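Predicted model, so just to flag it, every value in this text is computed and none were measured. The analysis underlying the following values was restricted to heavy atoms, covering all of them including side chains, and did not include hydrogens, waters or symmetry mates.
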Amino acid sequence: MSLRNFIRCAAGAAFALVLTLPTQAHAVDPSRHALDRDRIVPQPYDPLLPGSGAGTYGNPGSFDPFAPVGGTGSTLPLSQQEQMRLNPQLNLSPNPSIPAAEAPRWRLGVYSMDTGTGVQVVRVTPGSPAHAAGIEPDDMIITVAGYQVGLIENNRREMGQAFNDYASPEGHVNLLVQDRRTRNLTNVYVRLESRMERIEGTVTFREDVRLPRNAEIKIELYETIRQGVTYPIVSKTVTNWQRQPIPFVLDYDPSLVDPRREYSIQATIVADNRTYYQTRNAYRVITAGYPRVVDLSLYSTSNSLQGGLASNRDEQLEQIMAWYREYLNRDIRASERQVYSSSIDRGQSMDEIRAQVLGLPEFYVRSGEGDEAYIRRLYEVVLNRQPTQQEVTAWLRQLQAQNGIRVNLAREFLTAVSSPR
């Protein structure tokens, strides 16, 4: 090879080396490159900037304890599977034994930033548990109940998850805090504020069937999407009860509740994949003025399947109780239950009792204290639709013909809507 050709080849190789250097440098530590996306870059909190201060659940820079979990625009930490998909060179081995992170159940009341030392407080919400405990901006939360939080070897250990894991059922937890002024470490005992709201009540059932020792009561909160379509939001299992009535408490995240929708509670008693008892009616709760305290009555499924062995009187009383919850937004009183029990014993029909409930002054008042509003409410609860103006006018005339006696109108209305057409 001539000297000129040798120099030309050497220059070409050097030029190619220069072109490839940035790519090779970028790939020197692919593990670090992929994990750097989860490093926290300090950013000032701007209340007018969407997502600012949302931290783990929004803008990666600070943690907003009041921000909703998930939802549009939320950003959760990258899972190992996601990191492997974005950068196959990581060669991470997902551990299926590690459970998914729970939604935060407790609120300290700080905006914060994860660091390699701990969780740095950016802002304290007035009136919050952090404010009451004397925690200030720039203080550093090192541990929660003795467990370190923040960024540890490029992994984020969430303070909210630590609260879930280590706070007492009442929200008590101990924090190790580094004071921003003196840099001294101090144990700070706080009682966290719950993010959750609760439904409570009791479960009762007539012990027609002997239950296995491993029987469990499953209580579920459902959201109604449309007529006949529901899905469960949260559930609670009760075991090892001693006597009836059996108390229960069901905690739920209020951010999951849409005030425009309907919510209800149902319960079953199950063992070995078999259902022994269940509620026959959904118990409305939370929205539209319905309570958060419910007393659930369960009935034997074996009796139902055998066609009528269960007490017909009990079933009728359960139906009347369901009408009270649906029409009046409350549970039936003991005195009212006794009256209807006597009516059933005298042979009064369920249609007649339903007309009596729909004719109550309480139902009239809840409808809007007007005859037209009352008729519209009848259509809504009985037929699940709004009437036309022509229908309203016709029933207003009929109410006038009944001398304004609403029980008579309700009786006639139920007869008309149940007649073949």
Check your understanding: So, are Glu326 and Arg284 salt-bridged, with charged N and O less than 4.0 Å apart?
Key -> no
Point to revise | Reported CG-to-CG distance for the pair Leu192 and Leu108, which is rounded to 0.5 angstrom | key: 6.0 Å
Practice item. Begin from the C-alpha positions of Tyr324 and Glu362 and carry the test side-chain contact (heavy atoms from CB on, under 4.5 Å) through to its verdict. Key: CA-CA 10 Å; Tyr324 262 74; Glu362 187 176 349; 5.5 Å; no
Practice item. Evaluate the side-chain proximity of Val173 to Val190: yes if any heavy-atom separation is below 4.5 Å, no if none is. Key: yes
Check your understanding: Crowded around Asn187 CG? As in, over 12 foreign heavy atoms under 6.0 Å?
Key -> yes
Review point. Can you check whether Arg181's main-chain N or O pairs, donor with acceptor, with Asp179's side chain at less than 3.5 Å?
Key: yes
Review point. Does Glu216 come within less than 4.0 Å of Lys218, counting only side-chain N to carboxylate O?
Key: no
Revision key, fill the gap. Output for pair (Glu158 CD, Asp165 CG), nearest 0.5 Å, gives 11.5 Å
Review point. Taking everything shown except Arg292 itself, do over 12 heavy atoms lie less than 6.0 Å from its CZ?
Key: yes
Review point. Which pair of non-hydrogen atoms, one from Ala288 and one from Asn329, has the smallest distance, and what is that distance?
Key: O-ND2, 2.7 Å
Practice item. Any chance you could measure Asn155, atom CG, to Asp114, atom CG, to the nearest 0.5 Å? Key: 11.5 Å
Review point. So, for Arg195 and Pro254, which heavy atoms are closest and what is the spacing to 0.1 Å?
Key: O-CD, 3.2 Å
**Study point:** Atom CD of Gln389: over 12 foreign heavy atoms under 6.0 Å
**Key:** yes
Practice item. Check whether any side-chain heavy atom of Tyr276 sits under 4.5 Å from a side-chain heavy atom of Ser300, and report yes or no. Key: no
Exercise for review: Compare all side-chain heavy atoms of Tyr374 with those of Leu409 and state whether any distance is below 4.5 angstrom.
Suggested key: yes
Practice item. Taking the side chain as every heavy atom from C-beta outward, state whether Leu256 and Val234 have any atom pair closer than 4.5 Å. Key: no
Review point. Between Gln244 and Thr204, which heavy-atom pair has the shortest distance, and what is it?
Key: OE1-CA, 3.1 Å
Review point. Are side-chain N/O atoms of Ser255 and Asp253 paired as donor and acceptor at under 3.5 Å?
Key: yes
Study note, to complete from the structure: Distance col, row Leu176:CG vs Met140:CE, nearest 0.5 angstrom, shows 11.5 Å
Check your understanding: Can you check whether Arg406 reaches Pro361 side chain to side chain, under 4.5 Å on heavy atoms?
Key -> yes
Point to revise | Flag, side chain of Asn214 to backbone of Ala271, donor-acceptor distance under 3.5 Å | key: no
Review point. Would Tyr263 and Asp258 count as having a side-chain donor-acceptor pair, cut-off 3.5 Å?
Key: no
Point to revise | Test item: Thr182 side-chain N/O and Asn184 main-chain N/O as donor-acceptor pair under 3.5 Å | key: yes
Review point. Passes side-chain contact (heavy atoms from CB on, under 4.5 Å), Met321 versus Arg337? Steps please.
Key: CA-CA 8 Å; Met321 291 164 63; Arg337 182 185 176 112; 3.1 Å; yes
Review point. Do Tyr252 and Glu197 have a side chain donor and acceptor closer than 3.5 Å?
Key: yes
Check your understanding: Ignoring hydrogens and geometry, is there a side-chain-to-backbone donor-acceptor pair from Arg411 to Glu352 under 3.5 Å?
Key -> no
Exercise for review: Say whether, by atom type as modelled, one donor and one acceptor occur between the side chain of Arg377 and the main chain of Tyr364 under 3.5 angstrom.
Suggested key: no
**Study point:** Verdict with supporting geometry, Glu318 and Arg280, salt bridge (Lys or Arg N to Asp or Glu O under 4.0 Å)
**Key:** CA-CA 8 Å; Glu318 178 71 17; Arg280 290 207 177 109; over 6 Å; no
Review point. Of all heavy-atom pairs between Ile199 and Phe248, which one has the smallest distance, and what is that distance?
Key: O-CE1, 4.1 Å
Exercise for review: For Lys236 and Val249, indicate whether the former's side chain and the latter's backbone hold a donor-acceptor pair under 3.5 Å.
Suggested key: yes
Exercise for review: Give, for atom CD1 of Ile353 and atom OH of Tyr340, the distance between the pair rounded to the nearest 0.5 Å.
Suggested key: 7.5 Å
Check your understanding: When you look at CZ of Arg180, are more than 12 heavy atoms from neighbouring residues, nucleotides or ligands closer to it than 6.0 Å?
Key -> yes
Review point. Within a reach of under 6.0 Å around CD of Glu380, are more than 12 heavy atoms found that belong to other residues, nucleotides or ligands?
Key: yes
Study note, to complete from the structure: What one should report as the nearest heavy-atom pair of Leu250 and Ser235 is CD1-C, 3.7 Å
Exercise for review: Please check if the distance between the ring centroids of Tyr283 and Tyr290 is under 6.0 Å.
Suggested key: no
Exercise for review: Return the minimal non-hydrogen interatomic distance between Ala162 and Val149, and the atom names on each side.
Suggested key: CB-CG1, 3.9 Å
Check your understanding: Does Thr279 reach the main-chain N or O of Ala267 with its side chain, forming a donor-acceptor pair under 3.5 Å?
Key -> yes
Exercise for review: For Gln178 and Asp139, test the side chains for any donor-to-acceptor distance below 3.5 angstrom and give the result as yes or no.
Suggested key: no
Review point. Heavy-atom distance under 4.5 Å between the side chains of Tyr277 and Leu211, does that happen here?
Key: yes
Exercise for review: Using modelled atom types only, decide if a donor and an acceptor are shared between the side chain of Asp371 and the backbone of Leu396 within a distance under 3.5 Å.
Suggested key: no
Review point. Backbone N or O of Arg333 within a donor-acceptor pair of the Glu336 side chain at under 3.5 Å?
Key: yes
Point to revise | Distance, nearest 0.5 Å, that separates OG1 of Thr224 from CZ of Arg261 | key: 9.0 Å
Practice item. Could you walk me through whether Leu296 and Ile217 pass the side-chain contact (heavy atoms from CB on, under 4.5 Å) test, one step at a time? Key: CA-CA 11 Å; Leu296 307 177; Ile217 302 174; over 6 Å; no
Review point. Ser128 versus Val110: any side-chain heavy-atom pair under 4.5 Å?
Key: no
Review point. After noting the C-alpha distance and the side-chain angles of Phe363 and Leu378, does the key distance pass the side-chain contact (heavy atoms from CB on, under 4.5 Å) rule?
Key: CA-CA 10 Å; Phe363 180 80; Leu378 280 178; 4.1 Å; yes
Practice item. Would you check if Phe413 and Leu399 make a side-chain contact, meaning some heavy-atom pair closer than 4.5 Å? Key: no
